[in-house]
Structure formats: structure tokens, C-alpha cells
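Worksheet: the structure to be examined is printed underneath.
Naming convention: chains lettered A, B, ... in sequence-line order (proteins, then strands); numbering from 1 in each chain.
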Amino acid sequence: MVGDGDPRDGGIENGARLIRFATAVLGDDAGELKAAREDIAAVMGGAALTDTAAVAALFNAIDRVADATGIPLEDVKAEATADFRADIGIDAFAAADEKGHAA
Amino acid sequence: MTEISYQKLPWEVRDDITAAHRRAWQRLGQAGIWLTGAQRIAVAGETRTALDCQLCRDRKDALSPNAVQGSHDHTGQLSDLEVEQIHRIATDPGRLGRDWYEGLLASGMVEERYVETLGVIANIVAIDTFTHGLGLDPWPLPEARPGEPTRKRPAARRQLAWVPTLAPEDAIGTDDQDLYAGRPTAANIYQAMSLVPAAVKGFFDLVVNQYLPPQAMRDFDNEYRAINHAQIELVAGRVSALNQCVY
């Protein structure tokens with residue numbers, strides 16, 4: 001859902017809350033993770049919290065599958081995303097050279 | 001036997017997530033294709049140990065992981081080669097490279113074991129990150145069950161990735177054609193661990209339940225979770241950016 005609320009949401013409802021949780025779950029600040037968790041539960045509900053945790057956790061794993069096997073991004077996806085991958089700095093990631101889609 | 005349950009949490013966890021985690025825990029202790037149940041449990045334990053490894057911390061902080069030498073803090077149950085594989089994948093996946101992979105290969109790493117080990121790591125990370133996110137301790141690892149690996153290798157070739165993969169067209173007419181359900185194409189991420197088809201099936205049991213089933217991914221007319229498609233992709237994108245994953 002794209003909205004016109006808090007600009008920190010990036011156009012996605014509760015986007016800032018979700019980014020805060022995704023950042024905290026990969027970090028090592030237990031207090032920040034607890035606060036991020038409680039914020040989502042209070043504003044978006046418990047089911048939203050557990051689904052958010054499920055997605056964050058799954059992608060923390062799937063990134064490792066991609067990176068440890070060296071699979072490239074599909075050509076069609078690489079072509080479709082070439083402009084914004086360069087713009088937002090993804091092509092500067094260390095793995096970009098390894099996967100053949102660096103700028 | 002550990003019985004995974006999220007019923008004591010103050011928030012609802014979907015039953016399909018709980019069921020998928022229980023299945024993953026059951027598979028974890030069973031003999032796999034290239035690893036025994038005990039070896040799979042050892043890999044799972046090593047994945048957790050890696051998070052407290054000083055060498056891994058020092059490498060993560062260094063400009064290049066190759067700039068820091070030393071020994072991993074480990075459980076002592078696996079070879080140095082396996083420990084290096086597990087710790088690097090667990091703690092610094094964004095800086096893995098073909099040279100690192102080929103270095104393991106030259107040192108005697110067996111690719112089929114590498115891929116099955118990766119599958120175990122992925123399952124542990126997916127479930128442990130979930131419990132961590134919800135403020136729970138990690139689940140105790142299951143008991144290893146007796147049994148021998150089948151050591152059955154599909155008709156995989158080095159074609160798509162560093163590791164050999166089984167192309168959908170090569171699976172047709174083989175014992176592994178169910179992996180792609182007869183489809184002629186599949187996303188690269190689905191093919192990534194196809195050297196060990198059971199690793200793909202096991203991990204994607206978590207994917208469809210923690211993320212979305214394939215038919216739901218691009219069905220933008222309907223929502224399947226308590227967060228919508230845009231919110232799901234925002235979370236996924238943030239995690240992948242933090243992991244510096246370009247896929």
C-alpha cells in the first residue's frame with residue numbers, strides 16, 4: 001500500500017517501522033530489537049510482527065544460499081533493474097563483481 | 001525430542017510456519033544425501049557457534065576477510081575445511097567469492113557435502129533469526145537419528161553458478177524431475193542447491209511458509225499475509241542490503 005504518510009516510510013505504510021525491525025534483527029542491540037518489535041506489535045498487530053519476523057529471517061537465510069553458491073541474477077531481472085541498482089549502490093557491493101552484474 | 005511451539009508468545013504465529021519449522025527440525029536430525037544425521041546436527045551447532053567466533057568478528061571488521069589470519073572458535077566436531085565454510089557463510093556471506101570457493105575445492109572440499117551443509121545452514125539461519133526476532137532463545141537442536149546418507153547425485157553440471165546445478169531440462173526423465181515439477185525453467189535461486197535436490201525441497205518448505213508460495217509472489221490483487229506485498233519486499237530488501245547480497 002503506497003501512501004502519503006510519514007516520509008520516512010518511503011511511500012509504504014509503516015515502512016519506517018519495518019525497516020527499523022529488519023535492521024535491528026540483524027544487529028546486536030537487544031534493546032533496539034525489543035523496542036522495534038513492540039512498536040510493530042502495538043501499531044500493526046501481533047500477526048504483522050510475526051510475519052515480518054518470518055520474512056526477515058527467511059531472507060537472512062536465502063541471501064546465504066545465493067552468496068555461497070555464486071548464482072547470478074537472472075538476465076531479465078538484471079536488465080530490468082540496472083538503473084536503480086546503480087543508483088542505490090547495489091553494484092558497489094563486494095559480491096557484485098562475483099555475480100557478473102557490477103556496473 | 002524438541003517440540004517447536006510458539007503458543008506461549010503473546011503474538012499469533014501462523015500454524016503453517018510452526019508446522020514448517022517442525023518439519024525442518026525433523027529433517028535436521030535425519031541422515032541426508034551426503035551427511036549423516038549426526039553430521040547435520042554438528043553443522044547446525046557449528047552455525048550457531050560461528051556467531052561467537054572471534055576470528056569471524058575480526059574478519060568482518062577488516063577491509064578484506066583475507067587480511068586476518070587465525071583459527072576459528074569451533075565445536076571440534078568438524079574438519080577445519082568445514083568449519084571455514086560454515087563460519088564464512090554464517091557470518092560474512094556478502095564477501096564470499098569464487099576464489100574462496102575454489103580454494104576450498106582445491107583443499108579437498110566435496111561439493112555435494114558443501115551444498116548439503118549450506119542447506120543445513122540456511123535452515124538454521126531462517127529459524128534462529130525468526131526466534132531471535134521474536135525474543136526467544138534458539139530451539140535446542142534435535143537428536144541425531146541413525147541412518148546412512150544415500151549419496152545419490154543428480155545429473156548436475158557446472159553451468160549456472162560456482163557449484164554444479166541441475167538444470168530443469170536435465171531433470172526431465174530422471175529420478176529428480178519432481179524437483180521442477182516438469183517445468184522447463186526455474187528461478188536461479190531455486191536451482192542454486194539443486195546438486196542436492198533434498199536440500200532445495202527442504203529449504204523451500206520454509207520459503208513458501210515464511211515468505212510466500214510461488215503463485216502468491218506476483219499476485220498483487222490479493223494479500224496473503226498480515227503485511228502486504230510492498231511491506232514484505234521492503235523487509236526482504238532491507239535484510240538483503242544489510243547482507244550486501246546482490247541477488
Contacting region of A/Leu26 [heavy-atom separation from chain B under 4.5 Å]: side chain
Contact origin within B/Ile17 toward chain A - heavy atom pairs under 4.5 Å: side chain
Options B/His132, B/Gln85, B/Arg225, ranked by heavy-atom pairs under 4.5 Å with chain A, top entry: B/His132
Residue among B/Ile189, B/Leu242, B/Asn243 satisfying side chain to side chain contact (heavy atoms under 4.5 Å, CB included) with A/Asp63: B/Asn243
Engaged part of B/Leu206 at the chain A interface, taking heavy atoms whose separation is under 4.5 Å: both
Heavy-atom contact with chain A under 4.5 Å, split by part of B/Ala199: neither
Winner by heavy-atom pair count (cut-off under 4.5 Å) against chain B, out of A/Ala54, A/Ala56, A/Ala22: A/Ala54
Side-chain heavy-atom pair B/Pro164, B/Arg157 within 4.5 angstrom cut-off: no
Pair B/Asp92 + B/Arg59: basic N to acidic O under 4.0 Å: no
Interchain contact, A/Leu33 with chain B, by part (heavy-atom threshold 4.5 Å): side chain
Mutual orientation of the aromatic rings belonging to B/Tyr6 and B/Trp139 [parallel < 30°, tilted 30-60°, perpendicular > 60°]: perpendicular
Chain B contact via A/Arg64 - side chain, backbone, both or neither, heavy atoms under 4.5 Å: both
Side-chain donor-acceptor pair present, B/Tyr211, B/Glu233, cut-off under 3.5 Å: yes
Options A/Ile62, A/Asn60, A/Val25, ranked by heavy-atom pairs under 4.5 Å with chain B, top entry: A/Asn60
Pair A/Thr23-B/Arg238, side-chain donor/acceptor within less than 3.5 Å: yes
Beyond-backbone contact of B/Gln191 with B/Leu166, side-chain heavy atoms, under 4.5 angstrom: no
Option that, when pairs with chain A are counted at under 4.5 Å, heavy atom only, ranks first among B/Leu9, B/Asn188, B/Thr129: B/Asn188
